[in-house]
Amino acid sequence: MFSIRSSGAGLAPRTLHLSGELDMAFSGHLREAVERTLASTATQWLIVDLRDTTLIDSSAVKELVDVHRFAARQGRVLVVRNANGIVAEVLRITGVAATLERPATRPTGTLYGSPNGR
C-alpha cells in the first residue's frame with residue numbers, strides 16, 4: 001500500500017509525506033501530487049519526506065529526479081528528506097541522493113533559496 005499526505009500552510013514549506021512502497025505502479029501519483037501542490041500554493045519550498053517509504057524502485061527514482069527538475073523549472077525548490085534503510089541505500093547507489101537532498105541549481109549556478117549560491 002502506498003499513500004501521500006500533504007502538510008503545511010501559507011507560505012511555509014509544504015511537505016509531501018510518502019509512505020509504503022513507491023514503485024512503478026505509484027510513481028505517477030507522486031508527479032500529480034507535486035504538480036497539484038505547486039499549483040495550489042505560492043510557497044517556494046516543497047519537501048518530499050520519505051521517512052515512511054519502505055521500498056523504492058528505479059521508476060520511482062526517475063520520478064523523484066523528474067519532479068526535482070520540474071520544481072526548479074517552476075522557480076521552486078524541491079528537496080527529499082528522511083530517506084532511510086533500503087530507500088536511502090537505493091538513492092545512494094543510483095547516485096541521486098546528494099542531488100535530491102539539496103536544491104536544484106539555476107542555469108547561473110546559484111542555488112535556489114541561497115543568495116550567494118552556497
Side-chain angles (χ1 to χ4, degrees):
M1 185 66 147
F2 178 76
S3 69
I4 301 174
R5 180 178 54 85
S6 179
S7 67
L11 294 177
R14 291 286 198 277
T15 302
L16 294 177
H17 304 271
L18 282 56
S19 63
E21 298 181 357
L22 181 55
D23 59 17
M24 183 175 16
F26 294 103
S27 60
H29 295 284
L30 173 60
R31 175 172 281 283
E32 291 170 7
V34 167
E35 290 176 354
R36 186 174 48 252
T37 301
L38 293 178
S40 67
T41 183
T43 187
Q44 290 297 325
W45 287 79
L46 179 59
I47 299 163
V48 176
D49 188 327
L50 299 178
R51 178 182 327 270
D52 298 320
T53 303
T54 56
L55 178 88
I56 189 168
D57 72 2
S58 61
S59 66
V61 170
K62 179 191 179 305
E63 196 69 25
L64 283 170
V65 171
D66 287 349
V67 296
H68 187 260
R69 290 178 179 158
F70 173 79
R73 286 191 306 271
Q74 302 294 315
R76 312 286 188 85
V77 177
L78 182 144
V79 292
V80 172
R81 294 286 187 254
N82 302 319
N84 55 61
I86 191 68
V87 174
E89 188 68 6
V90 168
L91 295 178
R92 186 189 65 76
I93 289 171
T94 58
V96 301
T99 299
L100 295 176
E101 292 170 356
R102 68 176 186 262
T105 56
R106 292 183 180 176
T108 61
T110 61
L111 294 175
Y112 289 131
S114 175
N116 61 4
R118 294 176 191 215

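Values reported hereafter were calculated over all heavy atoms of this structure, with side chains retained and with hydrogens, waters and symmetry mates removed.
- Residue Thr94 comes nearest to Leu91 through the heavy atom pair OG1-O, 3.1 Å, listed as atom of the first residue, atom of the second, then distance.
- Smallest separation of non-hydrogen atoms from Thr43 and Arg14: CG2-CG, 3.7 Å.
- In terms of the side chain to side chain donor-acceptor pair (under 3.5 Å) criterion, Gln44 has no residue partners (sequence neighbours excluded).
- In this structure Phe26 satisfies the ring pair (Phe, Tyr, Trp, His ring centres under 6.0 Å) test together with Phe2, His29, sequence neighbours excluded.
- Val48 and Ile86 fall within a single hydrophobic cluster, where Ile, Leu, Val, Met, Phe, Trp and Tyr side chains are chained together by heavy-atom contacts under 4.5 Å.
- In this structure, Asn84 has no side chain to side chain donor-acceptor pair (under 3.5 Å) partners at least two apart in sequence or on a different chain.
- With His68 as the partner, the side-chain contact (heavy atoms from CB on, under 4.5 Å) test is satisfied by one option alone out of Leu78, Leu46, Val34: Leu78.
- Contacts classified as salt bridge (Lys or Arg N to Asp or Glu O under 4.0 Å) and involving residues 33-46 (residues at least two apart or in different chains) are given here: Arg31-Glu35.
- By the side-chain contact (heavy atoms from CB on, under 4.5 Å) test, Ser58 is found to be paired with no residue, residues two or more places apart in sequence or in another chain being considered.
- With rounding to the nearest 0.5 Å, the separation of CG in Leu30 from CG in Leu22 is 6.0 Å.
- Every pair passing side chain to side chain donor-acceptor pair (under 3.5 Å) that includes a residue from residues 46-56 is listed here, sequence neighbours excluded: Asp49-Asn82.
- Applying the side chain to side chain donor-acceptor pair (under 3.5 Å) test to Asp23 and every residue at least two apart in sequence or in another chain returns nothing.
- Under the ring pair (Phe, Tyr, Trp, His ring centres under 6.0 Å) criterion, no residue pair touches residues 73-95, with sequence neighbours excluded.
- Across Val61 and Val96, no two heavy atoms sit closer than the pair CG1-CG2, 3.8 Å.
- In this structure, CG on Leu38 lies 6.5 Å from CD on Gln74, to the nearest 0.5 angstrom.
- At a threshold of 4.5 Å between side-chain heavy atoms, the hydrophobic network of Ile, Leu, Val, Met, Phe, Trp and Tyr places Met24 and Ile56 in two separate groups.
- For the salt bridge (Lys or Arg N to Asp or Glu O under 4.0 Å) test, residues two or more places apart in sequence or in another chain that qualify with Arg92 are Glu89.
- Legend: residues meeting side chain to side chain donor-acceptor pair (under 3.5 Å) with Glu32, ordered by chain and number and at least two apart, are absent.
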